[in-house]
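Structure first, then comments.
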Amino acid sequence: MATQRTLSIIKPDATRRNLTGAINQRFEEAGLAIVAQRRVRLTEEQARAFYAVHRERAFYDDLCAFMTSGPVVVQVLEGESAVEANRTIMGATNPANADPGTIRAAFGESVEANSVHGSDSAENAAIEIAFFFAETDIVG
Ligand code: ADP
Ligand code: MG
């Protein structure tokens with residue numbers, strides 16, 4: 001696998017607890033470079049569009065309310081096999097099931113407020129990166 005990019009979001013539960021730097025340190029220590037980053041407050045419309053793949057799920061409305069409840073940090077991570085590498089660093093969706101040493105095990109509050117989002121495939125990474133960033137915003 002070659003160098004790859006993935007979309008990461010530091011979620012409102014983490015920005016509220018001032019964990020942006022602690023989370024970014026984990027990416028950098030694992031060899032992922034933060035090649036684009038912006039702190040934003042998502043609109044309801046943005047959250048619903050970003051998570052549209054989950055619109056039939058029971059948790060969709062709650063998830064969109066949570067994602068708009070405070071600032072998030074949207075970012076592009078770059079490195080070797082970045083999509084899979086970031087999923088490993090993040091840990092399982094439910095922090096209770098996340099491996100020790102992962103971001104979600106360390107910081108996640110619940111299956112919903114689990115501190116970080118990470119793209120789940122190279123194809124979705126490209127779509128999700130384009131959702132937030134122009135190519136000229138990304139400096140590798
Ligand atoms: P992941 O973020 O690990 O890729 P999913 O794509 O399945 O997980 O879900 C997207 C997000 O929706 C999760 O990160 C979490 O914030 C929320 N979520 C997932 N499952 C549940 C659930 N059972 N109850 C509440 N929120 C959930
Ligand atoms: Mg997902």
Side-chain angles (χ1 to χ4, degrees):
M1 248 296 176
T3 297
Q4 204 178 41
R5 288 175 177 171
T6 191
L7 192 279
S8 167
I9 305 177
I10 301 177
K11 295 186 179 183
D13 67 285
T15 60
R16 176 168 35 81
R17 287 174 290 154
N18 224 16
L19 292 169
T20 298
I23 290 171
N24 279 347
Q25 184 173 7
R26 286 169 180 256
F27 296 141
E28 293 187 337
E29 283 177 354
L32 294 176
I34 301 161
V35 295
Q37 178 167 257
R38 189 167 74 247
R39 181 171 163 114
V40 290
R41 182 80 178 248
L42 295 181
T43 64
E44 184 75 20
E45 189 181 8
Q46 281 177 309
R48 296 186 84 80
F50 184 79
Y51 279 118
V53 62
H54 293 307
R55 66 184 171 277
E56 306 300 337
R57 308 290 295 273
F59 59 78
Y60 178 63
D61 285 349
D62 267 2
L63 173 62
C64 293
F66 164 63
M67 290 300 289
T68 57
S69 68
V72 300
V73 178
V74 295
Q75 48 194 187
V76 180
L77 307 180
E78 184 179 87
E80 185 73 20
S81 304
V83 171
E84 192 188 338
N86 186 37
R87 295 293 302 195
T88 301
I89 296 163
M90 290 163 58
T93 306
N94 187 342
N97 302 328
D99 288 340
T102 62
I103 290 171
R104 284 167 163 173
F107 302 128
E109 295 183 318
S110 68
V111 65
E112 177 180 85
N114 57 7
S115 301
V116 281
H117 165 86
S119 305
D120 63 6
S121 67
E123 186 189 1
N124 284 335
I127 294 167
E128 291 180 358
I129 288 169
F131 189 93
F132 288 110
F133 296 98
E135 193 58 39
T136 50
D137 294 330
I138 305 169
V139 184

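Numbers here are sequence positions counted from 1.
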[X] side chain to [Y] main-chain N or O, any donor-acceptor pair under 3.5 Å?
{"X": "Thr102", "Y": "Ala98", "result": "no"}
{"X": "Ser8", "Y": "Leu77", "result": "no"}
{"X": "Arg104", "Y": "Val111", "result": "no"}
{"X": "Arg55", "Y": "Ala52", "result": "yes"}

Are any non-hydrogen side-chain atoms of [X] and [Y] less than 4.5 angstrom apart?
{"X": "Asn94", "Y": "Asn114", "result": "no"}
{"X": "Arg39", "Y": "Val72", "result": "no"}
{"X": "Ile9", "Y": "Val116", "result": "no"}
{"X": "Ile129", "Y": "Leu7", "result": "yes"}
{"X": "Glu78", "Y": "Gln4", "result": "no"}
{"X": "Arg38", "Y": "Val73", "result": "no"}
{"X": "Ile103", "Y": "Phe27", "result": "yes"}

Check: Is a salt bridge present between Arg57 and Asp62, judged by a nitrogen-to-oxygen distance below 4.0 Å?
Finding: no

Next item on the list: Indicate, with yes or no, if Phe132 and Met67 share a hydrophobic cluster defined by side-chain heavy-atom contacts under 4.5 Å among Ile, Leu, Val, Met, Phe, Trp and Tyr.
Entry: yes

Notebook entry, point to check: In the single-linkage hydrophobic clustering (I, L, V, M, F, W, Y; side-chain heavy atoms under 4.5 Å), do Met90 and Leu19 co-cluster?
Noted result: yes

Margin query: Hydrogens and angles aside, do Ser115 and Asp13 bring a side-chain donor and acceptor to less than 3.5 Å of each other?
Written below: yes

Next item on the list: Would you please indicate yes or no on a ring centroid separation below 6.0 angstrom for Tyr51 and Tyr60?
Entry: no

Next item on the list: Can you see which heavy atom on Ser119 is nearest to which on Val83, and at what distance?
Entry: O-CG1, 3.6 Å

Checklist line | salt bridge (charged side-chain N to carboxylate O under 4.0 Å, His left out) partners of Glu135, counting only residues at least two apart | finding: Arg5

Checklist line | Sequence neighbours excluded - salt bridge (charged side-chain N to carboxylate O under 4.0 Å, His left out) pairs with any residue from residues 105-131 | finding: Arg16-Glu109, Arg17-Glu109

Next item on the list: Please assess Asn24 against Gln75 for the test side-chain contact (heavy atoms from CB on, under 4.5 Å), listing each intermediate value before the final yes or no.
Entry: CA-CA 10 Å; Asn24 279 347; Gln75 48 194 187; 3.1 Å; yes

Notebook entry, point to check: How are the rings of Phe131 and Phe50 set to each other: parallel, tilted or perpendicular (split at 30° and 60°)?
Noted result: perpendicular

